[in-house]
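Read the numbers this way: they start at 1 and go in the same order the structure lists the ligands and their atoms. Small disclaimer: the values here were computed from a predicted structure and weren't measured.
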Amino acid sequence: MGKTLGRLRRLPEIECLGPKTIGETLSLLKKHDGKARVFAGGTDLLPKMKRRELAPQYLIDLNGITGLKFIKYEKEKGLRIGAATTLNEISESSIVKKRCPILVEAVSQMASTQIRNIASIGGNLCNAVPSADSAPPLMALGAKLKLVSPKKVRTILVEDFFKSPDKTVLSPGELVTEVLIPPARSGEFWAYLKHTLRSEMDLAIVGVAAYLAIDSKRHICKDIKIVLGAVAPVPMRARKAEAVLRGETLSDELIENAAQIASEESKPIDDIRSTAKYRREMVKVFTRRAIRQSLERV
Ligand SMILES: Cc1cc2nc3c(=O)[nH]c(=O)nc-3n(C[C@H](O)[C@H](O)[C@H](O)COP(=O)(O)OP(=O)(O)OC[C@H]3O[C@@H](n4cnc5c(N)ncnc54)[C@H](O)[C@@H]3O)c2cc1C
């Protein structure tokens, strides 16, 4: 039986800790080295614990920390979202709707209202599954993550965060504290499309985010990012497909060619939701659609 279908069992007694600051959280992680795990919504962590894939002795609740729950916009820095901010707080935020509609597009398609009410953006990224819906749009936007440990604070691109399924560059005892999204400039357009078998409550078979920077006078594609989810061990840029379009006037033929190349670049596997062959075909279809949808917004 596949990993995701493992039997869910009742949890043993676990001590739950409720720090009020990031510093307190880091101290608790250090004190209970290797035995504690942070959680925000628990929507990924608790099923893993019930399947006995993880067995922490202490759970550290991030929900009481105001420094992890905020949405702010500054002209110079752009959008900043605290890691424990819930998906519904993001999709309902007037700031995010105005400054980063692609993120609203992506998170509104995730799970269900009930799950989105507790699930966080930080948890979605730190869980590091290839189908994490927030990853492709954030990568397309050139977003960064702020990582904090007792010794240092570092900032890395979301693109460099994932190492393999379930694995990130986070060191033991390190926290993601916020997501930083650069301010949008004029002439930039995006789309995120997710292909699922069911209309709701389903993980992506394929997710595609497209970002276009267009020269409004000459209609030339100045820059492009195509990011694929659920079709490789980690969310990935389709760089060869991007190269076909960068610097060109976007014709139907060129877009079709890029979509084909993106499909060849993807590295899907057969699993419970789809065959690799079908996923590869859908990369082509959804890459084409995502680029066209971004173009329609020009
Ligand atoms: C029914 C259902 C449907 C779902 N549908 C979707 C979907 O459509 N798309 C999708 O992408 N996901 C989906 N998910 C997965 C899940 O809901 C999301 O990934 C969610 O955003 C996880 O957030 P969380 O706060 O619940 O994470 P948690 O379970 O609290 O944490 C997940 C992992 O990240 C770690 N972590 C959390 N926050 C931090 C932090 N700030 N710093 C360091 N480590 C941290 C935890 O220790 C844990 O290992 C679904 C889940 C369920 C149960």
Side-chain angles (χ1 to χ4, degrees), residues 4 8 14 16-17 19 22 25-26 28-29 32 34-51 53-56 58-65 67-70 81-91 103 105-138 145-149 153-154 156 158 161-162 165-179 192-207 209 229-230 234-235 273:
T4 52
L8 298 177
I14 295 161
C16 196
L17 309 166
I22 293 170
T25 311
L26 296 174
L28 285 170
L29 282 170
H32 302 296
K35 295 185 199 143
R37 196 96 197 182
V38 298
F39 77 99
T43 61
D44 279 319
L45 183 62
L46 292 181
K48 276 188 183 170
M49 289 170 61
K50 288 186 169 186
R51 291 193 296 265
E53 290 167 21
L54 289 171
Y58 301 92
L59 285 182
I60 304 176
D61 184 358
L62 301 179
N63 287 290
I65 305 170
L68 292 178
K69 275 182 172 281
F70 63 87
I81 302 178
T85 307
T86 68
L87 303 177
N88 270 347
E89 282 163 347
I90 292 171
S91 65
L103 194 57
E105 219 164 83
V107 299
S108 316
Q109 295 181 57
M110 288 167 70
S112 62
T113 305
Q114 291 87 339
I115 298 277
R116 290 195 300 270
N117 269 337
I118 54 169
S120 66
I121 185 134
N124 189 238
L125 295 166
C126 294
N127 193 51
V129 292
S131 60
D133 279 306
S134 68
L138 289 175
L145 299 176
K146 187 169 168 189
L147 313 184
V148 179
S149 67
V153 176
R154 56 183 179 137
I156 65 156
V158 175
F161 183 64
F162 306 105
D166 298 338
K167 298 263 181 312
T168 68
V169 300
L170 275 177
S171 310
E174 195 171 34
L175 275 183
V176 174
T177 57
E178 60 184 89
V179 182
Y192 177 66
L193 299 178
K194 171 178 178 178
H195 179 41
T196 53
L197 287 184
R198 295 182 299 180
S199 61
E200 272 202 347
M201 290 284 277
D202 210 357
L203 299 182
I205 288 177
V206 172
V234 296
R273 282 192 297 283

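- Close approach of ligand 1 to Asp202 (heavy-atom distance below 4.0 Å) involves ligand atoms 8 (O).
- Looking at Asp133 next to ligand 1, an N or O pair under 3.5 Å apart turns up.
- Separating the CD atom in Gln109 from the CZ atom in Arg116 is a distance of 9.5 Å, to the nearest 0.5 Å.
- Contact between Leu46 and ligand 1 is absent, with no heavy atom of the residue lying under 4.0 Å from the ligand.
- The shortest contact between atom 13 (C) of ligand 1 and any protein heavy atom is with Leu203 CD2, 3.5 Å.
- Ranking protein heavy atoms by distance to atom 41 (N) of ligand 1, first place goes to Val176 O, 2.9 Å.
- Listed by number with element, the atoms of ligand 1 under 4.0 angstrom from any heavy atom of Leu170 are 43 (C).
- Residue-ligand proximity, Gly41 to ligand 1, at heavy-atom distances under 4.0 Å covers atoms 24 (P), 25 (O), 26 (O), 30 (O).
- Between Met49 and Arg37, every side-chain heavy-atom pair lies at or beyond the 4.5 Å cut-off.
- At least one side-chain heavy atom of Leu59 sits less than 4.5 Å from a side-chain heavy atom of Leu46.
- Ranking the protein heavy atoms by distance from atom 44 (N) of ligand 1 puts Cys126 SG, 3.4 Å first.
- Without hydrogens or angle criteria, Thr86 side chain to Glu89 main chain gives a donor-acceptor distance under 3.5 Å.
- Atom 49 (O) of ligand 1 has its closest protein heavy atom at Arg37 NH2, 3.1 Å.
- A heavy-atom distance below 4.5 Å is not found between the side chains of Leu203 and Val129.
- Between Asp44 and ligand 1, at least one N/O pair is under 3.5 Å apart.
- Taking only nitrogen or oxygen atoms, main chain and side chain alike, Val38 reaches within less than 3.5 Å of ligand 1.
- More than 12 heavy-atom neighbours from other residues, nucleotides or ligands sit within 6.0 angstrom of NZ on Lys48.
- By the criterion of a heavy-atom distance under 4.0 Å, the backbone of Ser131, and not its side chain, is placed next to ligand 1.
- Although no hydrogens or angles enter the test, the distance criterion places no donor-acceptor pair under 3.5 Å between the side chain of Asn117 and the main chain of Asn88.
- Counting only heavy atoms of the protein, atom 27 (O) of ligand 1 lies nearest to Gly123 CA, 3.4 Å.
- Short contacts between ligand 1 and Ala83, defined as distances under 4.0 Å to a heavy atom of the residue, involve ligand atoms 41 (N).
- The side-chain heavy atoms of Val176 and Leu125, taken from C-beta on, include no pair separated by under 4.5 Å.
- By the criterion of a heavy-atom distance under 4.0 Å, neither the backbone nor the side chain of Gln114 is placed next to ligand 1.
- At distances below 3.5 Å, at least one donor-acceptor pair connects side-chain atoms of Asp61 with backbone N or O atoms of Asn63.
- When each of Pro56, Cys16, Cys126, Ser120 is paired with Phe39, the side chain to side chain contact (heavy atoms under 4.5 Å, CB included) condition holds for Cys16 and for no other.
- Lys194 places no side-chain N or O within donor-acceptor distance of the main-chain N or O of Asp133, the cut-off being under 3.5 Å.
- Under the side-chain hydrogen bond (donor to acceptor under 3.5 Å, both in side chains) criterion, Ser134 pairs with Asn124, sequence neighbours left out.
- From the protein, the heavy atom lying nearest to atom 17 (O) of ligand 1 is Thr43 OG1, 2.8 Å.
- Taking only non-hydrogen atoms, the option from Gly207, Ala128, Gly229, Ala111 nearest to atom 5 (N) of ligand 1 is Ala111.
- For atom 29 (O) of ligand 1, the closest heavy atom belonging to the protein is Leu45 N, 2.8 Å.
- Residue contacts with ligand 1: Lys48 is excluded, as none of its non-hydrogen atoms falls under 4.0 Å.
- For the pair Glu178 (side chain) and Lys146 (backbone), a donor-acceptor distance under 3.5 Å is absent.
- Closest to atom 1 (C) of ligand 1, if we only count protein heavy atoms, is Met201 CE, 3.5 Å.
- Considering each of Thr196, Leu62, Ile60, Asn124, the one bringing a non-hydrogen atom nearest atom 38 (N) of ligand 1 is Leu62.
- Short contacts between ligand 1 and Leu175, defined as distances under 4.0 Å to a heavy atom of the residue, involve ligand atoms 42 (N).
- Within the listing of ligand 1, atoms 30 (O) sit less than 4.0 angstrom from a heavy atom of Phe39.
- Polar contact check, Gly42 against ligand 1: a nitrogen or oxygen pair lies under 3.5 Å apart.
- Residues Glu53 and Asp166 have side chains not in contact (no heavy-atom distance under 4.5 Å, counting atoms from C-beta outward).
- Contact atoms of ligand 1 toward Ala132: 11 (O) (distance under 4.0 Å to a heavy atom of the residue).
- Remark: Asp202 pairs with Arg198 by the salt bridge (Lys or Arg N to Asp or Glu O under 4.0 Å) rule, at least two apart or across chains.
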